[in-house]
Amino acid sequence: MQIGIVGLPFSGKTTLFQTIAHVHLDPSAVGKNETHQAVIKVPDERMERLIEIFQPQKVTNATIELVDVVGLKKGDSGSTQFTNNFLSAVKTNDALVQVVRLFDDAAVPHPDGPIDMIRDIASFETEFIISDMAILENRIDKVKKQIQKSGGELLKRELPTLEKSYDILHREISLREAELSSDDLIILKSFSLLTMKPMLIALNLDETQKDEADTHLEKVRDVKAGKNTKALSFLGKIEMEMSELSEEDAELFMDEYSIKESALHMLIREAYDLLGLQSFFTVGEDECRAWTIKKGMTAQEAAGAIHTDFFSKFIRAEVVGYDDFIEHGGSFPRVKEHGMWRLEGKEYIVKEGDILSIRHS
Ligand SMILES: Nc1nc2c(ncn2[C@@H]2O[C@H](COP(=O)(O)OP(=O)(O)O)[C@@H](O)[C@H]2O)c(=O)[nH]1
Ligand SMILES: [Mg+2]
C-alpha cells in the first residue's frame, strides 16, 4: 500500500512525513520542493503481545509506503497547477493525504495569501477534477473514433461509463464521492484517476490552535462529507518535535498538549479504514508476522497473500481470533481445549486480528 502526502507548498507535508517516517531530514531540505519516500512499520500493540508470547527469531510488521509528493507550480492565472511529475507520482498512490494548513506564521507565508482551509481544499479538488476530465476527454474521443471505424462491443460498453464519469466531474463532483457501479469501477481503474483515490484531509494546526481542532474538522466534514473522504487534525510542529523524543518523554508531551493519538497512529488507522484494509497474523517461534489484506477476503485469498502458491494448494486454515488467544493465556492447547481453535475452509471470511495457520498441499 502506498500513501501519498500532497498539498500546497508550505502546508507541512515534509513536516508530517518526517514525523511519521521517524526520519530527520537536513533542515535545509524542509521547506524545499523535494520528493521523499519511506517504508513505515505499521504500529500494532497486538504484535508486541505476540512477540512476548512466542519470542520469535524474526518479527515482520505490516508496512506501508509513504511518499512526500512534490510538484505544484503557479499557473499563468496565479492558481496552483499540477506538474506532470506530480501527476505521475500520485498515479501509483493507493490513497492520498492532503495536508491543509491552518497554522499562521509570518515566517512561512502561505502561497495564496491569508489562511483559508476551505479555499485550499476546493482549489486542490478543482485541479484534481480538471486533470481527470482531461484524461477522460481524451479517452472518449479515442473510443468514439474507434467505434466509428471498426465498431467494437467492448468500446461500446466503455463509452457510457466514460461519459457518465465526465459528466459527474463536470458538475464538480469528485468520482470518489459518486455512485458508480462495480462495472464502472472496473472500466475506470486503468486510468488511475486522481479523484477516485480515497482522500484523507489532514489539518495542520499550531499548538495555540489545539482547542479549535474539532470546530475546524466539523467545517471540513460539512463541505467534504462524501464517501471515501476522511479528515483528521494534527499539530505539525509539535508532533515533529515529539517524534524525536524517547517513548516516555513523548507520552509526557502528548499529555501536555492533550494529543490523544499520535499523527502516525491516526493516519494509519484512518488509511486502513478508508482503504477497507485489515490485519491478520501468522505466529510461531520462527516468525511472528502481521499481514494486511482487504476486508472481506477469504482464507484462501489470505493464504495467497502469504505465498501465491498457497492459494492453489490451500487445504484448510486453522484459525483463532487474537482476543480469544490472549484471553486464554496465549496458549494453543488452552484455546483448543475451549473450542476456540477452528478449522476453516477456503470460503471462510477472515476477521480483523485472526491468527491463521494455513494447511496446504
Ligand atoms: N508554526 C508552524 N510552522 C510549521 C508547522 N508545520 C510546518 N511548519 C513550518 O512550515 C514550513 C514548511 O513546512 P514543510 O513541512 O516543509 O512544508 P511543505 O512545503 O508542505 O513540505 C517549515 O518551516 C515548517 O517548519 C506548524 O504546525 N506550525
Ligand atoms: Mg516539502
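Predicted model, so just to flag it, every value in this text is computed and none were measured. Every number for a ligand or one of its atoms is a count from 1 in the order of the listing.
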Original post:
Is ligand 1 less than 4.0 angstrom away from at least one heavy atom of L205?
Top reply: yes

Original post:
Under 4.0 angstrom from ligand 1, any heavy atom of G7?
Top reply: no

Original post:
Do you see a donor-acceptor pair shorter than 3.5 Å between the side chains of E287 and T60?
Top reply: yes

**OP:** With the side chain counted from C-beta on, respond yes when F82 and V90 share a heavy-atom pair under 4.5 Å apart, and no when they do not.
**Re:** no

**OP:** Among T282, L50, I306, find the residue that satisfies the side chain to side chain contact (heavy atoms under 4.5 Å, CB included) test when tested with R289.
**Re:** T282

Subject >> Cation over ring face, R269 and Y272, 6.0 Å, 45° >> reply: no

Original post:
If we only count N/O pairs under 3.5 Å, is D68 in contact with ligand 1?
Top reply: no

Subject >> Residue L8 vicinity, atoms of ligand 1 by number, heavy atom under 4.0 Å >> reply: 20 (O)

**OP:** Specify side chain, backbone, both or neither for T15, according to which of its non-hydrogen atoms lie closer than 4.0 Å to ligand 1.
**Re:** both

Original post:
Polar-atom distance check: F10 versus ligand 1, any N or O pair below 3.5 Å?
Top reply: yes

Original post:
Does some side-chain heavy atom of T14 sit less than 4.5 Å from a side-chain heavy atom of H36?
Top reply: yes

Original post:
What part of V108, side chain from CB on, backbone N/CA/C/O, both or neither, has a heavy atom under 4.0 Å from ligand 1?
Top reply: side chain

Original post:
Within T14, is some N, O or S atom less than 2.8 Å away from the Mg ion (ligand 2)?
Top reply: yes

Original post:
Are L154 and R157 close enough that some pair of their side-chain heavy atoms sits under 4.5 Å apart?
Top reply: yes

